[in-house]
Every structure is written in C-alpha cells, then in structure tokens.
Enquirer: 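Could you have a look at this structure, given as structure tokens, before my questions?
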Amino acid sequence: MDSAPDAEVQAAEHALAEGQAQRCRSLVEPLLAKNALDWRARALLAQALEALSEQHTAAGEHAQALTLYQQFHKVVVEGLQLRLTRSDSQPDASQQDALTGLARREALELRLPPMMQQALAGNRGLCLVRMELDPLQPSRVALTPGLGDAVLREVGAIVRAHCRAKDLALRYSGESLVLVLSEVELSTARTVCERIRRAVQAHHWAPLHEELRVGVSLGMTALRSGDSISQLMARAEAGLISARRDGRNCVRTGVLS
C-alpha cells in the first residue's frame, strides 16, 4: 500500500494549512521513513520544507533557509527518480503523460465535473489554474536539443510535489498545464501558485544548462455556482493572458467582463 493512513495525513495537511510547517514535517517524516513510495507524505514534506525555508529567509536566517531548500529539492528529486524507476507507480499508464508524470488532458473531462459537483454541494471551494512555461532564457539556450522536454519533466516533478492526493494536475497541451485545487479559496490557491512559481524559478537548472533560467506564468480562478468547465477554463485563461501581459513569471486572477 503506497499511502499513509488517512488520519495521519489529514493531521499533517491540517498543520500545514494552519501554518505549522514544522509540525507537518514531524508528522510526515516518520511516514516517509517507513515507506519511501508514500507519495502523499512526500508531497507534504516537500511543501513543509519549502515553507520552513521561506520562514527562515524572511527572518534573515539565510544559511538555515538554504539548508532547508536543499532538503526540499532532495525530496522532490528522489520522488521523481522513484517514479521513473518503479514501473507500477502509476496504476494506469494510459492516463498519464509520459513526459511530466501528470495526468493527460482527458482527465479534465473525466475528473473535473464530479470535483465541481462535490465542491458546490459541500460549499468547500475549488480553484482552477492555467499554467505555462515562459520562454526559456537566454533565448539561444532554448535551441539546445531536448532541453524543453527535460525542463518540462522537472517542472512536472515540482508540480506534483505541491499537489495533494485530492488535487488534479495534468498536462493540457505542449508546455501548458492545468491544476485543479480542491477545498481551497482563491487566497490559498494564490499561495500554492506562488510557491510553485518560486520553486520553478529557484530550481537548480545548471545540470541541464549552466546558463538556463526558467519561469512559469499562472492564471487562476475560483469555481462559481452555475459554472461550466468552459467558463471555468476561460476565466483561468484570462488570468494567464494577464500574466503574459504583465511580463510573465507571475500569478494573476482571471476576470471576464
């Protein structure tokens, strides 16, 4: 069995949501020590380590912040390596994008409608995010053969590290991804998006190319009563367009007139 008992994971999720990153870390580290293939515990540990790194940075404790960020990076990379080497880590490979390890586009129509229904019925909140890779910098580096695919592969790992089991992350097309965040309002969704954006920007890209710089733009929106999938996607797309217009590598909320 590849997931921790629900009660323990829920306690860790609650601690993280309440800003208690250290408590979340203390809850999930023993779970991961028992089972390195516990993807939920690994994702929570990565989020907790990143949050702790941010706290130390804000306090001016840069050495501790760097150590914690290195631990965060190690957790993410180890998870990616485990997924690549464990052939049965994805129960149905036909539903997974081979490059990013995220769900394929078809999952949007299969999984999003029931997620929307449950969110509205329980008044729990749901946010949808459109995300895309910004043009790789410097521009001449972008022409390196195979570089785009290698970047997408690592971005997929970063996204997975920031998603919970209840969320949906998929490759929509090319360098475009979609995230569906369950049981969150816009303020929390923005925090998640900013963490993903910062994680991508701060990622150690030198092994792919010593000059490489990577950014992502994100547009988000919250579910409203009466929304269709197309309406939800359109507002998120409007946010993405705003992010492009504002210089990219940023998060914007979509608004349609």
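Quick note: numbers below take in every heavy atom, side chains included, and nothing from hydrogens, waters or symmetry partners.
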Enquirer: So do the side chains of Leu52 and Gln22 get within less than 4.5 Å of each other, counting heavy atoms only?
Expert: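 Side-chain contact under 4.5 Å: yes.
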Enquirer: Same cluster for Leu152 and Ile196 if Ile/Leu/Val/Met/Phe/Trp/Tyr side chains link at under 4.5 Å?
Expert: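 As far as the 4.5 Å side-chain criterion goes, Ile196 and Leu152 are connected within one cluster.
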Enquirer: Consider side chain to side chain contact (heavy atoms under 4.5 Å, CB included). Of His203, Arg160, Met131, which one does Val155 pass it with?
Expert: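 Of all the options given, the one that passes is Met131.
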Enquirer: For residues Leu218 and Ala243, report the shortest heavy-atom separation together with the two atoms involved.
Expert: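 Smallest heavy-atom distance, with atoms named: O-CB, 4.0 Å.
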Enquirer: For a quick test of reading the model, state the closest non-hydrogen atom pair linking Pro114 to Leu110 and the distance between them.
Expert: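 Heavy atoms of Pro114 and Leu110 come nearest at CD-O, 3.6 Å.
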Enquirer: Does Met115 belong to the same Ile/Leu/Val/Met/Phe/Trp/Tyr cluster as Leu181, with side-chain heavy atoms less than 4.5 Å apart forming each link?
Expert: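 No, no single cluster joins them.
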Enquirer: Looking at CG of Leu45 and CG of Leu32, how far apart are the two atoms once the value is rounded to the nearest 0.5 Å?
Expert: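 Between Leu45 CG and Leu32 CG, I get 6.0 Å after rounding to 0.5 Å.
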Enquirer: Would you mind listing every ring pair (Phe, Tyr, Trp, His ring centres under 6.0 Å) that reaches into residues 112-140, with sequence neighbours excluded?
Expert: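 Pairs touching residues 112-140 that pass the test: none.
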Enquirer: Please give me the minimum heavy-atom distance between Ala199 and Ile158, naming the atom from each residue.
Expert: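 Closest heavy-atom pair between Ala199 and Ile158: CB-CG2, 3.8 Å.
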Enquirer: Going from CG on Leu126 to CD on Glu185, what distance comes out if it is rounded to the nearest 0.5 angstrom?
Expert: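 Taking CG in Leu126 and CD in Glu185, the distance rounds to 9.5 Å.
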Enquirer: Using salt bridge (charged side-chain N to carboxylate O under 4.0 Å, His left out) as the criterion, list what pairs up with Arg190, not counting sequence neighbours.
Expert: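 Counting only residues at least two positions away or on another chain, Arg190 forms no salt bridge (charged side-chain N to carboxylate O under 4.0 Å, His left out).
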Enquirer: Is there a side-chain contact (heavy atoms from CB on, under 4.5 Å) between Leu223 and Leu128 once you walk through the steps?
Expert: CA-CA 8 Å; Leu223 177 66; Leu128 186 141; over 6 Å; no
Enquirer: Using a 4.5 Å cut-off on heavy atoms from C-beta on, say whether the side chain of Thr221 contacts that of Leu256.
Expert: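 No, every pair of side-chain atoms sits at 4.5 Å or beyond.
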Enquirer: For Arg235 and Ala222, indicate whether the former's side chain and the latter's backbone hold a donor-acceptor pair under 3.5 Å.
Expert: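 Looks like yes, one N/O pair under 3.5 Å.
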Enquirer: Test of understanding: with side-chain contact (heavy atoms from CB on, under 4.5 Å), list the residues that count as partners of Ser139, not counting sequence neighbours.
Expert: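 Scan of Ser139 (side-chain contact (heavy atoms from CB on, under 4.5 Å), adjacent residues dropped) gives none.
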Enquirer: Please report the shortest heavy-atom distance between Ala189 and Val184, naming the atom on each side.
Expert: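 Minimum heavy-atom separation between Ala189 and Val184: CB-CG2, 4.4 Å.
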Enquirer: Any pair with a residue in residues 142-171 that passes ring pair (Phe, Tyr, Trp, His ring centres under 6.0 Å), sequence neighbours left out, goes on the list, sorted by first then second residue, please.
Expert: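 The answer is Phe72-His162.
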Enquirer: Roughly how far, to the nearest 0.5 Å, is the OG atom of Ser217 from the CD1 atom of Ile241?
Expert: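 The distance works out to 12.0 Å.
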Enquirer: With sequence neighbours left out, what residues match Ala17 under side-chain contact (heavy atoms from CB on, under 4.5 Å)?
Expert: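 Counting only residues at least two positions away or on another chain, Ala17 forms no side-chain contact (heavy atoms from CB on, under 4.5 Å).
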Enquirer: According to the ring pair (Phe, Tyr, Trp, His ring centres under 6.0 Å) rule, which pairs have a member within residues 223-246, sequence neighbours left out?
Expert: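 Sorted result for residues 223-246: empty, none.
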Enquirer: Quick one: salt bridge (charged side-chain N to carboxylate O under 4.0 Å, His left out) partners of Asp246, sequence neighbours excluded?
Expert: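 So Asp246 forms a salt bridge (charged side-chain N to carboxylate O under 4.0 Å, His left out) with Arg252.
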Enquirer: Is it the case that one hydrophobic cluster holds both Leu133 and Leu170, taking links as side-chain heavy atoms less than 4.5 Å apart, direct or via other members?
Expert: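 No, Leu133 and Leu170 fall in different hydrophobic clusters.
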Enquirer: Would you mind telling me which of Asp97, Leu108, Leu177 makes a side chain to side chain contact (heavy atoms under 4.5 Å, CB included) with Tyr172?
Expert: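 Checked Asp97, Leu108, Leu177 against Tyr172; only one passes side chain to side chain contact (heavy atoms under 4.5 Å, CB included): Leu108.
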Enquirer: Check side-chain hydrogen bond (donor to acceptor under 3.5 Å, both in side chains) between Ser53 and all other residues, then give those that pass, not counting sequence neighbours.
Expert: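 By the side-chain hydrogen bond (donor to acceptor under 3.5 Å, both in side chains) rule, Ser53 matches no residue at all.
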Enquirer: Leu212 versus Val151: any side-chain heavy-atom pair under 4.5 Å?
Expert: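 SC-SC contact between Leu212 and Val151 confirmed.
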Enquirer: Are side-chain heavy atoms of Met116 and Ile229 found at a separation under 4.5 Å?
Expert: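 Result yes, sub-4.5 Å side-chain heavy-atom pair found.
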Enquirer: In chain order, what residues pass the salt bridge (charged side-chain N to carboxylate O under 4.0 Å, His left out) check against Arg244, with sequence neighbours excluded?
Expert: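 Applying salt bridge (charged side-chain N to carboxylate O under 4.0 Å, His left out) to Arg244 gives Glu132, Glu237.
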Enquirer: How many angstroms lie between atom CG of Leu179 and atom CG of Leu168, to the nearest 0.5 angstrom?
Expert: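 Result: 8.5 Å between the selected atoms.
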Enquirer: Could you see if Val159 belongs to whatever hydrophobic cluster contains Leu112? Use Ile, Leu, Val, Met, Phe, Trp, Tyr and a side-chain cutoff under 4.5 Å.
Expert: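 Not linked; separate clusters.
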Enquirer: Examine the side chains of Arg105 and Ser173 and answer whether a donor and an acceptor come within less than 3.5 Å of each other.
Expert: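 No, no side-chain donor-acceptor contact under 3.5 Å.
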Enquirer: If I compare all heavy atoms of Arg111 with all of Ala165, which pair ends up nearest, and what's the gap?
Expert: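 Heavy atoms of Arg111 and Ala165 come nearest at NH2-O, 4.5 Å.
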Enquirer: Applying side-chain contact (heavy atoms from CB on, under 4.5 Å), run through Leu208 and Glu154 and close with a yes or a no.
Expert: CA-CA 10 Å; Leu208 298 184; Glu154 298 209 23; 4.0 Å; yes
Enquirer: Could you measure the distance from the CZ atom of Arg104 to the CD atom of Gln96? Nearest 0.5 Å is fine.
Expert: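 With rounding to 0.5 Å, CZ (Arg104) is 9.5 Å from CD (Gln96).
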Enquirer: Do the side chains of Gln118 and Lys166 get nearer than 4.5 Å, heavy atoms only?
Expert: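 Result no, sub-4.5 Å side-chain heavy-atom pair not found.
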Enquirer: Short question: side chain of Arg164, backbone of Ser182 - any donor-acceptor pair under 3.5 Å?
Expert: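 At least one qualifying donor-acceptor pair exists.
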Enquirer: State, with a plain yes or no, whether a side-chain heavy atom of Leu136 is found less than 4.5 Å away from one of Val141.
Expert: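 Not in contact.
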Enquirer: Supply the atom-to-atom distance Leu240 CG to Met220 CE, rounded to the nearest 0.5 angstrom.
Expert: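 Answer rounded to 0.5 Å: 12.5 Å.
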Enquirer: Please tell me whether Val216 and Val178 are part of a single hydrophobic cluster in this structure, the criterion being side-chain heavy atoms less than 4.5 Å apart.
Expert: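 No, because Val216 and Val178 fall into different hydrophobic clusters, even though each may have its own neighbours under 4.5 Å.
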Enquirer: Show every ring pair (Phe, Tyr, Trp, His ring centres under 6.0 Å) that has at least one partner inside residues 115-153, sequence neighbours left out.
Expert: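 For residues 115-153, and leaving out neighbouring residues, there are no ring pair (Phe, Tyr, Trp, His ring centres under 6.0 Å) pairs at all.
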Enquirer: When you check the gap from the basic side-chain N to the acidic O, do Arg195 and Glu50 get nearer than 4.0 Å?
Expert: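 No, no charged N to carboxylate O under 4.0 Å.
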Enquirer: Report yes or no: does Asp134 contribute a side-chain atom to a donor-acceptor pair with the main-chain N or O of Asn249 at less than 3.5 Å?
Expert: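 A pair under 3.5 Å: yes.
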Enquirer: For Arg25, what residues pass the side-chain hydrogen bond (donor to acceptor under 3.5 Å, both in side chains) criterion, not counting sequence neighbours?
Expert: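 Testing Arg25 for side-chain hydrogen bond (donor to acceptor under 3.5 Å, both in side chains), a comparison that skips the adjacent residues, returns Glu29, Gln71.
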Enquirer: Who pairs with Glu194 by salt bridge (charged side-chain N to carboxylate O under 4.0 Å, His left out), at least two apart in sequence or on another chain?
Expert: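 Partners of Glu194 under the salt bridge (charged side-chain N to carboxylate O under 4.0 Å, His left out) test: Arg197, Arg198.
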Enquirer: Please name the pair of heavy atoms, one in Gly125 and one in Ala119, separated by the smallest distance, quoted to 0.1 Å.
Expert: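 For Gly125 versus Ala119, the nearest heavy atoms are O-CB, 3.9 Å.
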Enquirer: Would you say the side chain of Thr100 lies within less than 4.5 Å of the side chain of Arg153, judging by non-hydrogen atoms?
Expert: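 Result no, sub-4.5 Å side-chain heavy-atom pair not found.
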